[in-house]
Structures are given as structure tokens and as C-alpha cells.
Asker: 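Got a structure here, written out as C-alpha cells. Questions coming.
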Amino acid sequence: LNLGLCYENGTGVEQSYEKAIEYYQKSADLGNSDALINLGVCYANGTGVVQSYEKAIEYYKESALKGNSKAIYNLGVIYENGTGVVQSYEKAIEYYNQSAEMGDSDALFNLGVLYEDGKGVVQSYEKAFEFYSKSANLSNPNALYNLGDMYENGKGTSQDYSKAIECYSKSAEFGNSNALWMLGVCYDNGYGVEQDYKKAIEFYKESAKLGNSDALNCLGYSYENGNGVEQDMYKALKYYIQSAEKGNDKAQFNLGLMY
């Protein structure tokens, strides 16, 4: 399995998907459930093999039978998105629940999203909050961000800006661009912290480096209005354009106002 990873990532050897597949297969033949998942991922993405969802599902199921929680989670994703199978929230939830019971943080997070959006289940912020909390306790950066959003907006729990900041900060430590952007928003507006435009700019810039279109839009607005920076219409325009090119509708609107 490790040799396969080395060849897939080009770590210490010349990168070769074909060699990676070869070693994953050898490991899978010996019953390694992680190797089976990796083969599934290769077939799902068409990496070093002819793309085949059918084959991917085959490998995931084989790995799942060996009790691999990530394989069970991957099957949930496949059914949620209807990738190579008939879309079914019911089946997705079944697999997510199995994986979540084994402590998979991504499965817990996805269950939270389904409850928040009311997909395949009766919509419930309280249930979403519960699943996000469990996932966040396992240090899942996306769950930490969503939990922050729930605390900020009082969804499924009492509104609490200081807890929101705490969750966003923990998520940001993992490099979550949305969490970095939201920390910027909190400092920009004084939500749960003392208002500090300069700190807001710092967080926006970190998030923007990761390609976050909302952060780019906020930088444009900051430069347009001279919040925490010297007013600079050229820089404002530059950031709005970068954000708009990523499909951000707020940036497109702001660009329209500038023209």
C-alpha cells in the first residue's frame, strides 16, 4: 500500500499511476482494505485506469465488507450524488450512519449537512447542530466552520458570537478558507470581538490566498472604502474582478456599481 502511495504521489520515486495501481492491487489481493479504497478512488477519478464508477463501487463495497469506515462513507457520497448509481438519500444516510457509528468525522459532517438542508430527512437545525458538534469534536475543519455559523446565527442553538469565533478560529488553524473569511467578517463588523479593520484585512488576505471568492470581494470593498487600508480604487477593482471571475455574485454587483 505504501509503495502505491509513493508512486501515486511521486514521493521518492518517479510519479507513476500505473505503478501505483499495480502496488495497490497487490496489497488489495492480500486483503488490505485501504488499498481497496485507493483502487476505488483511482477508478472513480480515472487515475491511471479507464474511469469506471462501477469498478469504484465494487472496490468500495469490498473494503466496506472489511469494516473500513472510509469506504462506507465513500459509498454514502456516491448514493448522495447519484454517481454511477440511482441517486438515493435514503441509501446515503444508511451508509453515513454506519460510518458515523465507527467515528468517521466526514460521515458525521455530511449527516449534519443533510439535516441542515432537509435532504432525505425532516429538516432540523437541532439535529444538524448535534452531528456538527460530534464531527467538530473529532477536529473536522468543515464541521467546525458550520458549527461556528450555527452559533453566529443562532441555528439549532442559542446565538453566541464568542463560541462562533472559537469554532472559526479552530477551523482556520486547519486552513479552512471560509473560516478565515468569516473571522475577517467578525473583525470587520465587531461581532464577538473588538472591531479591528486591520485584523479583518489580515484574515481576508489569508483566505484570498486560498482562492476564497468571498474574501476577495471583501478585500475589494475594504480597498474601495479605505477600511483598514489606504483607499485604492485600482486594488478594489482588481479584487472585485478576481472574485467575480470565480462567479461571486456580490463581486459582480460591486463591479457593476464601479462602472
Asker: Just by distance, with hydrogens left out, do Asn110 and Asp106 show a side-chain donor and acceptor under 3.5 Å apart?
Answerer: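 Their side chains do not contain a donor-acceptor pair, so the 3.5 Å distance test is not met.
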Asker: Under 6.0 Å between ring centres, would you say that holds for Tyr95 and Tyr73?
Answerer: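 Ring-ring flag for Tyr95/Tyr73: false, centres at least 6.0 Å apart.
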Asker: Using a 6.0 Å cut-off, check whether atom NZ of Lys155 has over 12 heavy atoms from anything other than its own residue.
Answerer: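 It does: Lys155 NZ has more than 12 such atoms within range.
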Asker: For Asp160 and Ser158, run side-chain hydrogen bond (donor to acceptor under 3.5 Å, both in side chains): C-alpha distance rounded to whole Å, both residues' side-chain angles, the deciding distance at 0.1 Å, then the answer.
Answerer: CA-CA 6 Å; Asp160 189 327; Ser158 305; over 6 Å; no
Asker: Is it the case that Glu116 and Tyr132 place a side-chain donor and acceptor less than 3.5 Å from each other?
Answerer: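 The answer is yes; a qualifying pair exists.
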Asker: I want to know whether Tyr187 and Tyr197 have ring centres closer than 6.0 Å.
Answerer: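 Ring centroids of Tyr187 and Tyr197 are no less than 6.0 Å from each other.
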Asker: Just jot down the ring pair (Phe, Tyr, Trp, His ring centres under 6.0 Å) partners of Phe131, sequence neighbours excluded, or say none.
Answerer: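 Per chain and number, Phe131 pairs via ring pair (Phe, Tyr, Trp, His ring centres under 6.0 Å) with Tyr115.
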Asker: I'd like to know if the side chain of Asn189 and the backbone of Val185 have a donor-acceptor N/O pair within less than 3.5 Å.
Answerer: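 Checked: pair present.
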Asker: What residues, two or more places apart in sequence or in another chain, satisfy ring pair (Phe, Tyr, Trp, His ring centres under 6.0 Å) together with Tyr204?
Answerer: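 Partners of Tyr204 by the ring pair (Phe, Tyr, Trp, His ring centres under 6.0 Å) criterion come out as none, since no residue qualifies.
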Asker: Could you go through the side-chain hydrogen bond (donor to acceptor under 3.5 Å, both in side chains) check for Asp29 and Gln25 one step at a time?
Answerer: CA-CA 6 Å; Asp29 290 342; Gln25 192 62 65; 3.1 Å; yes
Asker: Under 3.5 Å, side chain of Glu62 to main-chain N/O of Leu36, donor-acceptor pair present?
Answerer: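 Here the side-chain-to-backbone pair does not exist.
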Asker: Taking NZ, NE, NH1 and NH2 as the nitrogens, is one of them in Glu166 or Lys170 under 4.0 Å from a carboxylate oxygen of the other?
Answerer: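 So Glu166 pairs with Lys170 through a salt bridge.
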Asker: Identify whether NZ of Lys or CZ of Arg in Lys250 sits under 6.0 Å from the centre of the six-membered ring of Phe253 and within 45° of that ring's axis.
Answerer: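 No - Lys250 does not lie over the ring of Phe253 by the 6.0 Å and 45° rule.
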Asker: Is the Tyr43 to Tyr59 ring centre distance short of 6.0 Å?
Answerer: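 Yes, they do, as the ring centres are separated by less than 6.0 Å.
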Asker: Does any N or O in the side chain of Glu152 come within less than 3.5 Å of the main-chain N or O of Ala164, such that one atom is a donor and the other an acceptor?
Answerer: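 No.
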Asker: Might you work through the salt bridge (charged side-chain N to carboxylate O under 4.0 Å, His left out) test for Glu22 and Lys26, ending with a clear yes or no?
Answerer: CA-CA 6 Å; Glu22 191 186 313; Lys26 281 179 181 173; 3.7 Å; yes
Asker: Would you call Tyr161 and Tyr151 a side-chain contact if the rule is heavy atoms closer than 4.5 Å?
Answerer: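 No, side chains not in contact.
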Asker: Between Asp34 and Lys70, is there a salt bridge with N-O shorter than 4.0 Å?
Answerer: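 No, this pair does not count.
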Asker: Would you check if Asp104 and Leu108 make a side-chain contact, meaning some heavy-atom pair closer than 4.5 Å?
Answerer: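 Side chain of Asp104 against side chain of Leu108, heavy atoms only: no contact under 4.5 Å found.
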Asker: Checking Glu224 side chain against Gln231 main chain: does a donor-acceptor pair fall under 3.5 Å?
Answerer: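 Not at all, since once roles are kept as given, no pair shorter than 3.5 Å links the two residues.
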Asker: Can you find a side-chain donor-acceptor pair between Asn227 and Asp188 that sits under 3.5 Å?
Answerer: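 The criterion, which ignores hydrogens and geometry beyond distance, is not satisfied for Asp188 and Asn227.
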Asker: Before you tell me yes or no, could you show the steps for Glu230 and Tyr223 under side-chain hydrogen bond (donor to acceptor under 3.5 Å, both in side chains), namely the whole-Å CA-CA distance, both residues' side-chain angles and the distance that decides it to 0.1 Å?
Answerer: CA-CA 7 Å; Glu230 199 177 321; Tyr223 275 100; over 6 Å; no
Asker: Do you see a donor-acceptor pair shorter than 3.5 Å between the side chains of Asn68 and Ser33?
Answerer: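 Result is yes, a qualifying pair exists.
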Asker: Cation-pi check for Tyr79 against Lys91: NZ or CZ below 6.0 Å from the six-membered ring centre and within 45 degrees of the axis, yes or no?
Answerer: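 Yes, Lys91 and Tyr79 form such a contact.
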Asker: Does Phe129 CZ have over 12 foreign heavy atoms under 6.0 Å away?
Answerer: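 Yes, CZ of Phe129 has more than 12 neighbouring heavy atoms, counting only those of other groups under 6.0 Å.
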